[in-house]
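Protein chains get the first letters and strands the later ones, always in sequence-line order, with residue 1 at the start of each. Bear in mind that the values here come from a model prediction, so they are computed numbers and not experimental data. Values below: every heavy atom of this structure, side chains too, minus hydrogens, waters and symmetry copies.
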2 protein chains.
Amino acid sequence: MTDDDRVFKALADPTRRFLLDLLFARDGRTLTELESELEMSRFGVMKHLRVLEEANLVVTRRSGREKLHFLNPVPIREIHDRWIDKYTELHTTTLLELKAELEDES
Amino acid sequence: MTDDDRVFKALADPTRRFLLDLLFARDGRTLTELESELEMSRFGVMKHLRVLEEANLVVTRRSGREKLHFLNPVPIREIHDRWIDKYTELHTTTLLELKAELEDES
DNA sequence: ACGATAGGTGACCAAATGGTCACATGTCAA
DNA sequence: TTGACATGTGACCATTTGGTCACCTATCGT
């Protein structure tokens, strides 16, 4: 399993993306705190966090009996750089802004 | 299945990422041409291309009996924007530009 | 017209994935 | 020290996914 394979497989699950959303909003949460935001058992959440950690999308720090979780945005940047041409990046951004405007109108 | 779910699931497979790499290098290829770059049977490649197309990562155009495939970078950009803080990004960009200026002077 | 070429569908099977539970370890606080 | 709390492991099962094949339709060139 390559590094980028771990990252993309980690991002493939909606629960794991929701966990990243939670950490994007506020870093440094414990497993128990994250579990309380989900319908799933503690074991399910733990498994997902482990996958995110092995993909380096989440980094952790132990503090006594607690384990704090932090979002690491670096692998996300690397995805972007893989398929977004530097020269056409401006163009893509413009398309996204247009899309957002069209959706606002509806 | 939501839009973003389709995108992330599509990106989860290494063969599909390789197909995107091929199209990033050169657009407008046919199924048969893409198949020749892979070890897999035509049916396998076709299934993968279908997943990419349903995720809107690849767009197609018919030309007679051929179907031409093109890379669409927009969903990639949306992934980036979801977890990369705008302010942090600007800060990083500014630092990178400053670094480039300093290197020009030396 | 007709053989060759390009693409498409549905069924099928092996392997990977998502989720739960019984059970276990380490740490805090009174 | 002892009970409660936070996290960790391995086994287990249902569902999804990756890949192939037999068979099919549509288009090209001669």
What about [X], does its side chain sit under 3.5 Å from the base of [N] through a donor-acceptor pair?
X	N	result
R42(A)	dG8(D)	yes
K47(A)	dG19(C)	yes
R65(A)	dT7(D)	no

Euclidean distance, atom [atom1] of residue [X] to atom [atom2] of [N] [Å, nearest integer]:
X	N	atom1	atom2	result
M46(A)	dA6(D)	CE	P	14 Å
K67(B)	dT9(C)	NZ	P	8 Å
E39(A)	dT20(C)	CD	C1'	15 Å
L34(B)	dG8(C)	CG	P	12 Å
E35(A)	dC21(C)	CD	P	12 Å
D5(A)	dG18(D)	CG	P	11 Å
F18(B)	dG19(D)	CZ	P	13 Å
R16(B)	dG19(D)	CZ	C1'	12 Å

Applying the 4.5 Å side-chain criterion to the ILVMFWY set and letting contacts propagate, would F70(B) and L34(B) be lumped into a single cluster?
-> no

Distance-minimising heavy-atom pair for L49(A) and L31(A) | CD1-CD1, 3.8 Å

Assign each of E66(B) and S63(A) the nucleotide of DNA chain C bearing its closest heavy atom; nearer the 5' end lies the nucleotide of E66(B)

[X] side-chain proximity, nearest of [options]:
X	options	result
S41(B)	dA6(C), dT7(D), dT20(D)	dT20(D)
D13(A)	dA22(D), dT7(D), dG19(C)	dG19(C)
F43(B)	dG7(C), dG18(C), dT20(D)	dT20(D)

If you find the nucleotide of DNA chain D closest to R50(A) and the one closest to M40(B), which residue's nucleotide is nearer the 5' end?
-> R50(A)

Measuring to OP1 and OP2 of [N], would you say a side-chain N or O of [X] lies under 4.0 angstrom away?
X	N	value
H48(B)	dG19(D)	yes
R62(A)	dG8(D)	yes
T15(B)	dG18(D)	no

Base, sugar-phosphate, or nothing for G44(B), non-hydrogen atoms under 4.0 angstrom?
-> base

Give one of base, sugar-phosphate or nothing for K9(A), where a contact means two heavy atoms less than 4.0 Å apart.
-> sugar-phosphate

R77(A)/D81(A) ion pair, N-O < 4.0 Å | no

Are E78(B) and R82(B) close enough for a salt bridge, meaning some N to O gap below 4.0 Å?
-> no

List the steps, then state whether side-chain contact (heavy atoms from CB on, under 4.5 Å) holds for D5(B) with R17(A).
-> CA-CA 10 Å; D5(B) 210 28; R17(A) 292 196 298 276; 2.7 Å; yes

Quick one: CG on L52(B) to CG on N72(B), what's the gap to the nearest 0.5 Å?
-> 11.0 Å

